[in-house]
Amino acid sequence: MYQIYKTSPDRQLEQIEEFTPGCWINMIAPKEEEIQYVSQELDIPLDFMKDALDDEERSRIEKEDDNVLIIVDYPYTTHDESGFPIYETIPIGLIITPKCFITVSLKETPILNIFESNKIREFYTFKKTRFALQILSVISSYYLRYLKQINKKMNEVERELHDSMKNKELYAFLALEKSLVYFTTSLKPNKVVLDKIMRFNYLKMYDEDKDLLEDVIIENTQASEMAETYSSILSRMMNAFSSIISNNLNIVMKFLTSVTIVLSIPTMVASFFGMNVNIPFQHSTHAFLITLAFAGGFASVTAFIFWKKRYF
């Protein structure tokens, strides 16, 4: 589907029905006939829209005639089977034509919903270069927002892991590490695209636009460094906690083995005195107590030795 918006003369965003100069066309998982129609009406290469709908497409900037295509990855949240949040990335295409501005994505995103609700200051659909830079700025801010959430989740899982030492928390760490890998591999190509916009004349920019682009580059660089730092910390934490869990398992197994040995001594003594042969004290009235004393004495001595060796 697609929707068409345009900034009205009183600076309000309105939804319209026809393609007009200065409008914004927001395409979300469009059908093939919709892609064909928009391509023919606005004279846009089909590949511009189809490439943006490929979830494996790499970030890049491309210019053909007077049309400019910018593809970058933006973050979004999903959940695994246990309900734990996972952060992934997906491409979004920004197509700047002499007449219109077009966004193409596979999913509906809160990044564009902000523009649809007209919550961005100095946002006008006819200022296409500024519009593209504003979208890139919001994408960078969402990376930073989600990275802060990942850091918060890391701290929460770490506290739970201190208490429980179960595999569930390690699985949560794996999910966070997967999210950070997605972020790292998406932010680096995004930075390349931003640098190309700054260095080459893909877009006509005024001084205010250049300042905004510089801010976007700074935020993207900050997000990339944060993702790499968190990924390194998380990897080391997982290794450390894996070692701790393994060590705790060894301690438990050593304790259980020691208890098993101590408990087997009374059984062994009782087995000797239960044989159908002549045995010491068999005619004594205190034979049972003597047997218990032997069993308890041997077990106590063994337990004391294990305790001195810190097996308990």
Side-chain angles (χ1 to χ4, degrees), residues 1-30 34-53 57 59-74 90-142 190 193-194 196-198 200-206 208-210 212-213 215-216:
M1 69 172 186
Y2 67 87
Q3 296 172 320
I4 308 173
Y5 299 94
K6 187 174 182 180
T7 302
S8 64
D10 59 351
R11 308 297 185 180
Q12 298 297 318
L13 188 67
E14 298 178 347
Q15 186 169 351
I16 59 179
E17 300 296 331
E18 301 292 336
F19 299 145
T20 60
C23 70
W24 165 33
I25 305 168
N26 183 24
M27 307 182 70
I28 302 173
E34 293 175 333
I35 296 175
Q36 295 283 348
Y37 175 73
V38 174
S39 175
Q40 294 175 0
E41 289 293 319
L42 301 177
D43 192 23
I44 302 172
L46 278 172
D47 292 342
F48 274 23
M49 286 178 282
K50 289 186 176 181
D51 289 350
L53 296 174
E57 189 70 26
S59 300
R60 72 175 194 275
I61 183 170
E62 181 180 340
K63 186 173 184 179
E64 184 172 329
D65 297 330
D66 293 328
N67 302 312
V68 177
L69 168 66
I70 301 173
I71 296 181
V72 292
D73 289 333
Y74 71 89
I90 195 171
I92 183 173
L94 313 178
I95 304 174
I96 303 172
T97 73
K99 294 181 179 180
C100 304
F101 183 89
I102 305 170
T103 55
V104 187
S105 61
L106 280 171
K107 297 178 178 290
E108 187 174 358
T109 167
I111 294 172
L112 296 181
N113 291 341
I114 296 175
F115 292 92
E116 291 177 343
S117 57
N118 206 23
K119 294 181 179 179
I120 301 296
R121 294 179 57 187
E122 298 183 2
F123 158 57
Y124 311 110
T125 58
F126 54 84
K127 292 185 177 182
K128 297 184 285 291
T129 298
R130 173 67 61 85
F131 188 8
L133 296 178
Q134 287 173 327
I135 291 177
L136 295 175
S137 177
V138 173
I139 289 175
S140 297
S141 67
Y142 264 79
N190 284 4
V193 172
L194 295 172
K196 286 185 177 180
I197 296 175
M198 176 64 76
F200 303 106
N201 296 323
Y202 284 102
L203 303 174
K204 181 180 178 181
M205 292 188 291
Y206 299 98
E208 293 180 355
D209 298 330
K210 291 181 180 179
L212 178 57
L213 179 56
D215 292 339
V216 175

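Going from atom CD of Glu108 over to atom CG of Asn113 covers 5.0 Å, rounded to the nearest 0.5 Å. Remark: Tyr2 OH to Met27 CE distance equals 7.5 Å, nearest 0.5 Å. Taking CG of Leu13 as the reference point, atom OG of Ser117 lies at 9.0 Å (rounded to 0.5 Å). Atom-to-atom distance recorded for Gln36:CD and Leu46:CG is 4.5 Å, nearest 0.5 angstrom. Rounding to the nearest 0.5 Å places CG of Leu106 at 4.5 Å from CD1 of Ile90.
In terms of heavy-atom proximity, Ile4 sits nearest to Glu18 at CG2-O, 3.8 Å. Nearest heavy atoms, Pro91 versus Tyr74: O-CE2, 3.7 Å. When all heavy atoms are compared, the tightest approach of Ser105 to Leu53 is O-CD2, 3.7 Å. Residues Gly22 and Thr125 come closest through the heavy atom pair O-OG1, 2.7 Å. Shown here for Met1 and Glu34, the closest heavy-atom pair between the two residues is N-OE1, 3.0 Å. Contact detail for Val68 and Tyr202: the closest heavy-atom pair is CG2-O, 3.5 Å.
Of the possible donor and acceptor atoms, one in the side chain of Thr129 sits under 3.5 Å from a partner among the backbone N and O of Lys204. Panel note: side chain Glu62, backbone Leu69; no donor-acceptor pair is recorded below 3.5 Å. One N or O on the side chain of Asn190 and one on the backbone of Asp73 form a donor-acceptor pair closer than 3.5 Å. Here the side chain of Ser141 pairs a donor or acceptor atom with the backbone of Val138 at under 3.5 angstrom. Between the side chain of Asp51 and the main chain of Phe48, no donor-acceptor pair closer than 3.5 Å is present. The closest donor-acceptor contact from the side chain of Thr20 to the backbone of Cys23 lies at 3.5 Å or more, if one exists at all.
Ring geometry for Phe19 versus Tyr37: interplanar angle of 30 to 60°, hence tilted.
Within a 6.0 Å radius of CD in Glu208, other residues, nucleotides and ligands contribute 12 heavy atoms or fewer.
Between Glu116 and Lys119 no salt bridge is recorded (no basic side-chain N to carboxylate O distance below 4.0 Å). Under the 4.0 Å criterion applied to side-chain N and carboxylate O atoms, Lys99 and Asp43 are not assigned as salt-bridge partners.
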Side chain to side chain contact (heavy atoms under 4.5 Å, CB included) between Ile96 and Leu203: does it pass, once the steps are laid out? CA-CA 9 Å; Ile96 303 172; Leu203 303 174; 3.3 Å; yes
Check step by step if side chain to side chain contact (heavy atoms under 4.5 Å, CB included) holds for Glu122 and Lys127. CA-CA 10 Å; Glu122 298 183 2; Lys127 292 185 177 182; over 6 Å; no
Before giving the answer on side chain to side chain contact (heavy atoms under 4.5 Å, CB included), spell out for Asn26 and Val104 the whole-Å C-alpha distance, their side-chain angles and the decisive distance to 0.1 Å. CA-CA 6 Å; Asn26 183 24; Val104 187; over 6 Å; no
Let me see the working for Thr7 and Phe126 under side chain to side chain contact (heavy atoms under 4.5 Å, CB included), right down to the final yes or no. CA-CA 7 Å; Thr7 302; Phe126 54 84; 4.2 Å; yes
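Counting heavy atoms from C-beta on, the side chains of Ser39 and Met49 come closer than 4.5 Å. Counting only heavy atoms from C-beta outward, the side chains of Lys6 and Trp24 never approach each other to under 4.5 Å. Contact check for Leu133 versus Met205: side-chain heavy atoms found under the 4.5 Å cut-off. The shortest distance between side-chain heavy atoms of Leu42 and Ile25 falls below 4.5 Å. Looking only at side-chain heavy atoms (C-beta outward), Leu194 and Leu213 come within less than 4.5 Å of each other. Using a 4.5 Å cut-off on side-chain heavy atoms (C-beta onward), Tyr5 and Phe115 make no contact. Between Leu112 and Thr103 the shortest side-chain heavy-atom distance falls below 4.5 Å. Residues Ile28 and Lys107 are not in side-chain contact: their nearest non-hydrogen atoms beyond the backbone lie 4.5 Å or more apart.
The side-chain tip of Arg11 points at the ring of Tyr124 from less than 6.0 angstrom away and within 45° of straight on.
Only one option out of Ile71, Ile102, Leu136 pairs with Leu94 in a side chain to side chain contact (heavy atoms under 4.5 Å, CB included); it is Leu136.
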